Chemist: 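Take a look at this one; I'll ask things after.
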Amino acid sequence: MTTQLEILLDKIKILESELIEELQKQEEEFSYEIHKRRVHFEDNMIIRHREYVKRVLSYISDAPLKHILSVPFIWSCIVPALLMDVTVSVYQWVCFPVYGIPKVKRQDYIVFDRQYLNYLNIIEKINCAYCSYVNGLIAYVQEIAARTEQFWCPIKHARRIKNLHSRYRKFINYGDAESYRSTVEIIRHDFKDLG
C-alpha cells in the first residue's frame, strides 16, 4: 500500500528529474556541447566570453579586504575535506562489497567543468574548482551515508528533518515495529532502483 508520504517523495523525485532536464537545455541557449565529460563552446561564444574576463590585478584590487583576509580560513578546510574523501572512499571500497551495497560513483558527484568558462580568470577558476570539489564531496559522502543507513537503520525519523537524502523514501515509518521486523532485510538489499 502506497502512503501519502511515498507519493509526495515520488513527486519530488520526478520534479528533480525535470529540473535537471531543464538545466540541460542551457547547452543550446549558451552554445555548448558536452562530449566525454568535457565542455565545448562554439568559437563565437568563446570570443564573447573573453570580453567579460576580469583581469587578476583588478579582481584582487576590487576585492574587499575582509574577503582577502578570510581566504586562509576558507582554504584551511581543504585538509579535512581531503581526509574525509580518502576515508569515506576507502570505507565504501572495503565495506560496500561485504554488505552487497552498490558503490557510489565519485564522478557523479564531484564535477569539475567551470575551467571551460573563458569569462573567469585564474583565481575565479581555482575558487570554482574548490567549491565544486567540496560541495561535490559533501553530496558524495551523503550518498554513501544514505546507502549505509539504508542497510543498517532504514527507519524514518519522528522529528522533522531539513533535507531528505536519496534513500530516505525506502525507509520504514518511525514506530512501526511490525513493518520493521517483517521488511528490514528486504529494504537492506533494495538497491535495484540504482540500476
Side-chain angles (χ1 to χ4, degrees), residues 1-27 34-39 76-114 128-195:
M1 186 171 98
T2 305
T3 66
Q4 181 63 24
L5 180 62
E6 290 169 326
I7 291 168
L8 288 171
L9 288 169
D10 286 341
K11 285 180 182 178
I12 289 170
K13 194 151 186 82
I14 289 167
L15 286 171
E16 284 175 346
S17 294
E18 288 178 19
L19 177 63
I20 290 168
E21 207 173 287
E22 196 61 36
L23 288 170
Q24 296 305 318
K25 289 180 182 176
Q26 293 178 11
E27 288 182 33
I34 301 171
H35 297 289
K36 297 180 182 176
R37 295 187 298 171
R38 190 175 168 95
V39 180
S76 68
C77 296
I78 196 68
V79 173
L82 290 168
L83 288 172
M84 181 170 57
D85 191 357
V86 169
T87 303
V88 171
S89 294
V90 169
Y91 157 71
Q92 91 157 333
W93 294 333
V94 172
C95 296
F96 276 22
V98 172
Y99 308 143
I101 300 171
K103 290 181 187 162
V104 178
K105 292 181 183 172
R106 215 167 159 276
Q107 69 185 22
D108 291 346
Y109 295 88
I110 301 174
V111 176
F112 296 104
D113 59 5
R114 295 175 182 153
C128 283
Y130 177 88
C131 290
S132 294
Y133 175 69
V134 173
N135 282 291
L137 175 64
I138 290 167
Y140 169 70
V141 169
Q142 182 182 34
E143 183 61 20
I144 291 171
R147 293 180 190 188
T148 301
E149 186 177 21
Q150 180 178 339
F151 185 85
W152 288 107
C153 190
I155 301 169
K156 292 176 180 152
H157 293 280
R159 291 178 38 207
R160 172 182 261 177
I161 56 176
K162 187 80 172 167
N163 186 28
L164 302 179
H165 60 64
S166 69
R167 311 308 301 161
Y168 194 78
R169 62 186 170 83
K170 295 187 169 285
F171 289 15
I172 300 157
N173 289 328
Y174 186 89
D176 189 349
E178 184 180 339
S179 288
Y180 179 77
R181 287 293 166 218
S182 65
T183 63
V184 69
E185 287 304 318
I186 295 166
I187 292 170
R188 278 187 173 154
H189 301 286
D190 185 9
F191 293 100
K192 60 186 169 282
D193 60 310
L194 297 174

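Please read all numbers here as calculations on a predicted model, not as lab measurements.
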Chemist: Carefully, step by step, assess Phe171 and Glu149 under the rule side-chain contact (heavy atoms from CB on, under 4.5 Å).
Modeler: CA-CA 9 Å; Phe171 289 15; Glu149 186 177 21; 3.5 Å; yes
Chemist: Looking at NZ of Lys105 and CD of Glu143, how far apart are the two atoms once the value is rounded to the nearest 0.5 Å?
Modeler: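 Between atom NZ of Lys105 and atom CD of Glu143 there are 12.5 Å.
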Chemist: For Leu194, which residues count as a side-chain contact (heavy atoms from CB on, under 4.5 Å) partner, sequence neighbours excluded?
Modeler: Pro102, Arg147, Arg167, Phe191
Chemist: So do the side chains of Ser132 and Val111 get within less than 4.5 Å of each other, counting heavy atoms only?
Modeler: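 The answer is no; the side chains never approach within 4.5 Å.
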Chemist: Is the shortest side-chain heavy-atom distance between Tyr109 and Ile138 below 4.5 Å?
Modeler: no
Chemist: Could you check Ile144 against Lys103 for side-chain contact (heavy atoms from CB on, under 4.5 Å), going step by step and ending with a plain yes or no?
Modeler: CA-CA 8 Å; Ile144 291 171; Lys103 290 181 187 162; over 6 Å; no
Chemist: Rounded to the nearest 0.5 Å, how far apart are CD of Gln92 and OG1 of Thr148?
Modeler: 8.5 Å
Chemist: Suppose we screen for side-chain contact (heavy atoms from CB on, under 4.5 Å). Which residues come up paired with Glu178, at least two apart in sequence or across chains?
Modeler: Asp176
Chemist: I need the minimum non-hydrogen distance between Val94 and Pro97, along with the two atoms involved.
Modeler: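 Shortest heavy-atom separation between Val94 and Pro97 comes out as O-CD, 3.7 Å.
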Chemist: Under the salt bridge (charged side-chain N to carboxylate O under 4.0 Å, His left out) rule, what do Asp193 and Arg169 come out as? Steps first, then yes or no, please.
Modeler: CA-CA 12 Å; Asp193 60 310; Arg169 62 186 170 83; 3.3 Å; yes
Chemist: Would Asp190 and Lys192 pass as an ion pair if we require N to O under 4.0 Å?
Modeler: yes
Chemist: Among Ile12, Ile14, Leu19, which one satisfies side-chain contact (heavy atoms from CB on, under 4.5 Å) with Glu16?
Modeler: Ile12
Chemist: Report yes if some heavy atom in the side chain of Arg106 is under 4.5 Å from a heavy atom in the side chain of Ser89; otherwise report no.
Modeler: yes
Chemist: If you measure from CD1 on Ile155 to OG on Ser179, what distance do you get to the nearest 0.5 Å?
Modeler: 11.0 Å
Chemist: Which pairs pass ring pair (Phe, Tyr, Trp, His ring centres under 6.0 Å) with one or both residues in residues 133-152, sequence neighbours excluded?
Modeler: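 Every ring pair (Phe, Tyr, Trp, His ring centres under 6.0 Å) pair that includes a residue of residues 133-152, provided the two are not neighbours, is Tyr99-Phe151, Tyr99-Trp152, Phe151-His189.
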Chemist: Residues in ring pair (Phe, Tyr, Trp, His ring centres under 6.0 Å) with His35, at least two apart?
Modeler: His40
Chemist: Take Arg188 and Ile101 through the side-chain contact (heavy atoms from CB on, under 4.5 Å) test and state the conclusion after the steps.
Modeler: CA-CA 9 Å; Arg188 278 187 173 154; Ile101 300 171; over 6 Å; no
Chemist: Taking all non-hydrogen atoms of both residues into account, name the closest pair between Met84 and Leu137 and its distance.
Modeler: CE-CD2, 3.8 Å
Chemist: Which residues satisfy the ring pair (Phe, Tyr, Trp, His ring centres under 6.0 Å) test with Tyr174, sequence neighbours excluded?
Modeler: none
Chemist: Check whether Gln150 reaches the backbone of Ile187 with its side chain - one donor and one acceptor, N or O, closer than 3.5 Å.
Modeler: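 Pair found, side chain donor or acceptor close to backbone of Ile187.
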Chemist: Sequence neighbours left out, what passes side-chain contact (heavy atoms from CB on, under 4.5 Å) with Val39? Give chain and number order.
Modeler: Tyr32, Ile34, Phe41, Asp113, Tyr116
Chemist: Nearest 0.5 Å please: distance from the CD1 atom of Ile7 over to the NZ atom of Lys11.
Modeler: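 Between atom CD1 of Ile7 and atom NZ of Lys11 there are 7.0 Å.
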Chemist: Do Cys128 and Phe112 pass the side-chain contact (heavy atoms from CB on, under 4.5 Å) test, and can you show the C-alpha distance, the side-chain angles, and the key distance before you say yes or no?
Modeler: CA-CA 8 Å; Cys128 283; Phe112 296 104; over 6 Å; no
Chemist: Under 3.5 Å, side chain of Asp85 to main-chain N/O of Ala81, donor-acceptor pair present?
Modeler: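 No, the answer is negative, given that no donor and acceptor are paired below the 3.5 Å cut-off.
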Chemist: I need the Leu15 CG to Glu18 CD distance, nearest 0.5 Å.
Modeler: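 Here the rounded value is 5.5 Å.
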